[in-house]
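Letters A, B, ... are given to chains in the order of the sequence lines, protein chains preceding strands, and every chain is numbered from 1.
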Amino acid sequence: MDLDGHHDAPVLDPMASELWPTDPAAARAVQERLRGLVERDDRFGPVHRVAALDAHYAADNSVTWAAAVLLDAADMTLLRSALVCKPTRFPYVPGLLSFREVPAMLDSLAMLGERPDLVVVDGHGTAHPRRLGIASHVGVLSGLPTIGVGKSLLCGRFVPPGPTRGDQSPLIHRHEVVGTVLRTRDGISPVFVSTGHRVSQESAVRLILGMLGRYRLPEPTRIADAVSRMHPPGPKAPQAERTAGGTGRSALSQSD
DNA sequence: GCGACAG
DNA sequence: ATCTTGTCGC
């Protein structure tokens with residue numbers, strides 16, 4: 001595949017401070033800059049290992065916990081998992097979720113110690129006002145193929161898909177198809193699937209359909225959610241401050 | 001100006 | 001996301 005033997009390295013340094021502004025206006029400017037790096041065509045190989053990312057918060061929102069899980073794509077069994085935490089440094093603002101959760105997510109992804117062939121992110125990909133939802137953001141900064149699976153609508157319009165599992169309808173925003181509204185269970189509210197990075201919209205839907213079990217959300221997402229819920233409770237007790245980009249804390253790492 | 005608004 | 005009890009259904 002790659003001429004030099006290793007997979008593509010991200011074009012940008014995820015650690016670069018200019019990529020993590022503190023105010024909303026600057027954050028939108030970063031999105032406008034990164035949107036041009038999103039690749040909406042298929043550019044991934046055989047999917048043997050799938051990863052999923054999800055984030056949760058301590059009761060007082062001061063710390064963000066992110067979970068990354070790695071599953072065997074063949075049988076959806078858990079291979080590895082990582083749970084990390086970092087101080088929360090950006091408020092929740094619709095459309096700017098990445099600036100709140102991606103830093104911790106990238107840390108958890110690194111903690112897996114193994115590069116997955118595909119990543120499923122909790123949240124939208126291109127189904128975003130500026131086409132850079134959290135799934136696309138993770139994809140561009142990690143260089144990995146990603147798919148976004150959202151549980152509720154952020155932007156766009158759609159005609160409800162049929163009532164049966166597998167039924168779908170296009171999600172449209174400003175005359176552009178930005179995702180697919182997919183019924184993953186008979187009679188249950190649909191989910192929103194959208195390209196993250198290096199996965200076409202068609203492939204994204206096909207791949208997600210293949211990862212469904214007996215629930216509304218795809219297995220990788222469900223497992224990641226379960227792991228992220230395992231974080232310690234309540235307001236963080238006096239925890240030493242990490243000034244130099246420390247991982248904060250990690251746990252739950254398995255191996256061979 | 002008004003409503004909508006991922007996790 | 002998080003705070004929360006019971007309840008309906010497979």
Rounded to the Å, how far apart are A:H128 NE2 and B:dA4 C1'? 14 Å
For atom CG of A:L97 and atom C1' of B:dA6, their distance in whole Å: 6 Å
State whether the side chain of A:R49 and the backbone N or O of A:D72 hold a donor-acceptor pair below 3.5 Å, judged by distance alone. no
A:Q201 and A:T195: side-chain donor and acceptor closer than 3.5 Å? yes
Looking only at side-chain N and O atoms, does A:Y57 come under 4.0 Å of OP1 or OP2 in B:dG7? no
For the residue pair A:W20 and A:H137, categorise the inter-ring angle as parallel (less than 30°), tilted (30 to 60°) or perpendicular (more than 60°). parallel
Rounding to a whole Å, what distance do you find between A:L132:CG and B:dG7:C1'? 16 Å
Tell me what A:G148 touches on the nucleic acid: a base, only sugar-phosphate, or nothing, going by heavy atoms under 4.0 Å. nothing
Over how many whole Å does the gap from A:R157 atom CZ to B:dA4 atom C1' extend? 13 Å
Considering every strand and a 4.0 Å limit on heavy-atom distances, what is the contact class for A:H56: base, sugar-phosphate, or nothing? sugar-phosphate
Indicate whether OP1 or OP2 belonging to B:dG7 is found under 4.0 Å from a side-chain N or O atom of A:S152. yes
Can a donor-acceptor pair be found between the side chains of A:D42 and A:S200 at a distance below 3.5 Å? yes
First and last nt of DNA chain C near chain A, cut-off under 4.0 Å to heavy atoms, 5' to 3', are C:dA1 to C:dT2
Whole Å only: how far is the NE2 atom of A:H124 from the P atom of B:dA4? 17 Å
Spacing of A:S194 atom OG and A:R131 atom CZ [to the nearest 0.5 Å]: 10.0 Å
Rounding to a whole Å, what distance do you find between A:R130:CZ and B:dA6:P? 13 Å
Please give, in whole Å, the distance from B:dG7 P to A:L217 CG? 10 Å
Relative to A:Y57, does A:R100 satisfy both conditions: NZ or CZ under 6.0 angstrom from the six-membered ring centre, and within 45 degrees of the ring's axis? yes
Can you tell me if A:T88 and A:S62 form a side-chain donor-acceptor pair at under 3.5 Å? no
May I ask you to verify if any side-chain N or O of A:K151 is less than 4.0 angstrom from the OP1 or OP2 atom of B:dA6? no
Distance check needed: B:dG7 C1' versus A:N61 CG, whole Å only. 11 Å
